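Here is the structure we will look at, set down as structure tokens.
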Amino acid sequence: MLDADFFRRWLAAAAAAVNREADRLTELDSAIGDADHGSNLQRGFAAVTAVMEKEAPQTPGAVLTLAGRQLISTVGGASGPLYGTLLRRTGKALGDDAEVTPAQLADALRAGVAAVAQLGGAKAGDKTMIDALDPAVEALGDSTASFTAAGEAAEQGALATVPMQARKGRASYLGERSIGHQDPGATSSALLIAALAEVAG
Amino acid sequence: MSADKPVGIVLVSHSAEVAAAVAELAKGLAGGGATAPVAPAGGTPDGGLGTSSELITAAAASVDGGAGVAVLVDLGSAVLTVRALLAEGDELPDRTRLVDAPFLEGAVAALVTASGGGDLDAVEAAASEAYDYRKV
């Protein structure tokens, strides 16, 4: 079973990964975006870490909804409402249970990823977060072992964005010139899922 | 078309200067006395380029008189932030609506309509119709 502490550790691992990879995320974003993805996510996840310490939410659902709300209000770029919606919708789907099963988390994450796709209007192959998140939730099953598979699927999904042409966001203005660069949002999505695998393993 | 209180307008841009200037321009062109309330929500709280949900919710609260709030946005994170606030949260006043419209032309049309006593549907329609106004 996964309790609130598991979810706080997931977010802490994600914050550490974002800190570690911030320069790389910004570098990827400078190729096809506006060169702020790393610093935006760093600010957002630092705020998430701070609010977790201050408010200490006691259920998995409350941890994720609070984190999502915090990302929406602090990131300042498109990744704020997108990651905020992912965590907030996932948290809402988990409800008020004190502990949830890996299968419940898998279902909730599917709902969260669907909400992200709806918010941004992105489909698979558009060179976005969805290209890492879709394969991740497909790989998720009813055991924590499947989280490792999900992390690997997300990483493969992020790598697969390199030859894609962007169809959403600022990168889409570049047309064919967006080809040949890994999508920063798919890359940070893979970090988030890898962090989940890390705390589960 | 008439309501006791006018519809409020919120203008969300990546830039504080753009949001404030478009609000001033709309007020100037709506002209002739008191206009409906309009509030800019531009940039980030520290003055940078971006979108701030904090500034958006504060601006919406400041123009909300109960007749609804029409929110116009520029692009990217401004669109997604308002959509996310409307889809998930309780941060915005009841009857807040994201209006699909060109930012500047829509702001002028929305403010003129709201100032004339138009309800939220009329304000939304006027702002959206600004897309149809061809320049060549």
Side-chain angles (χ1 to χ4, degrees), chain A residues 29 32-37 39-41 43-44 47 51 61 64-93 111-112 114-122 128-130 166-174 184-185, chain B residues 10-20 39-62 69 71-94 96-103 128 131:
Chain A
D29 194 32
I32 57 173
D34 50 0
D36 60 5
H37 191 52
S39 48
N40 278 350
L41 283 188
R43 181 170 57 247
V51 81
L64 294 186
T65 49
L66 178 65
R69 179 181 276 245
Q70 194 70 0
L71 288 177
I72 292 172
S73 61
T74 55
V75 168
S79 52
L82 291 166
Y83 279 113
T85 293
L86 175 65
L87 296 186
R88 193 147 74 161
R89 188 64 69 91
T90 302
K92 278 188 183 175
V116 172
Q118 192 190 14
L119 178 69
T128 71
M129 291 164 62
I130 295 298
R167 292 200 188 86
K168 287 287 161 190
R170 188 192 174 285
S172 65
Y173 301 153
L174 294 175
Chain B
V10 172
L11 302 176
V12 184
S13 169
H14 277 59
S15 152
E17 290 84 353
V18 168
T44 57
D46 60 4
L49 294 179
T51 306
S52 159
S53 68
E54 200 178 308
L55 294 178
I56 294 167
T57 52
S62 78
V69 176
V71 183
L72 285 88
V73 298
D74 60 4
L75 71 166
S77 59
V79 184
L80 294 179
T81 300
V82 174
R83 273 199 219 155
L85 290 173
L86 287 172
E88 300 286 327
D90 49 8
E91 295 95 337
L92 294 171
D94 290 346
T96 299
R97 201 178 286 174
L98 174 61
V99 169
D100 185 16
F103 189 62
S128 292
Y131 273 131

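Per chain, numbering begins at 1; letters A, B, ... match sequence-line order. Bear in mind the structure is a predicted one, so any value in this text is a computation, not a measurement.
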Salt bridge (charged side-chain N to carboxylate O under 4.0 Å, His left out) with A:Lys168: which residues, sequence neighbours excluded?
none
With a strict 4.5 Å heavy-atom criterion, list every residue of residues 74-87 of chain B that contacts chain A, or say none.
B:Leu75, B:Ser77, B:Leu80, B:Thr81, B:Arg83, B:Ala84, B:Leu85
Would you say that more than 12 heavy atoms from the other residues, nucleotides or ligands in this model lie under 6.0 Å from the CG of B:Asp94, or not?
no
Pair listing, side chain to side chain donor-acceptor pair (under 3.5 Å) test, anchored in residues 66-78 of chain A, at least two apart
A:Arg69-B:Asp90
Name all residues meeting the side-chain contact (heavy atoms from CB on, under 4.5 Å) criterion together with B:Pro93; count only those two or more places apart in sequence or in a different chain, and write none if there are none.
B:Ala60, B:Asp64, B:Val69, B:Thr96
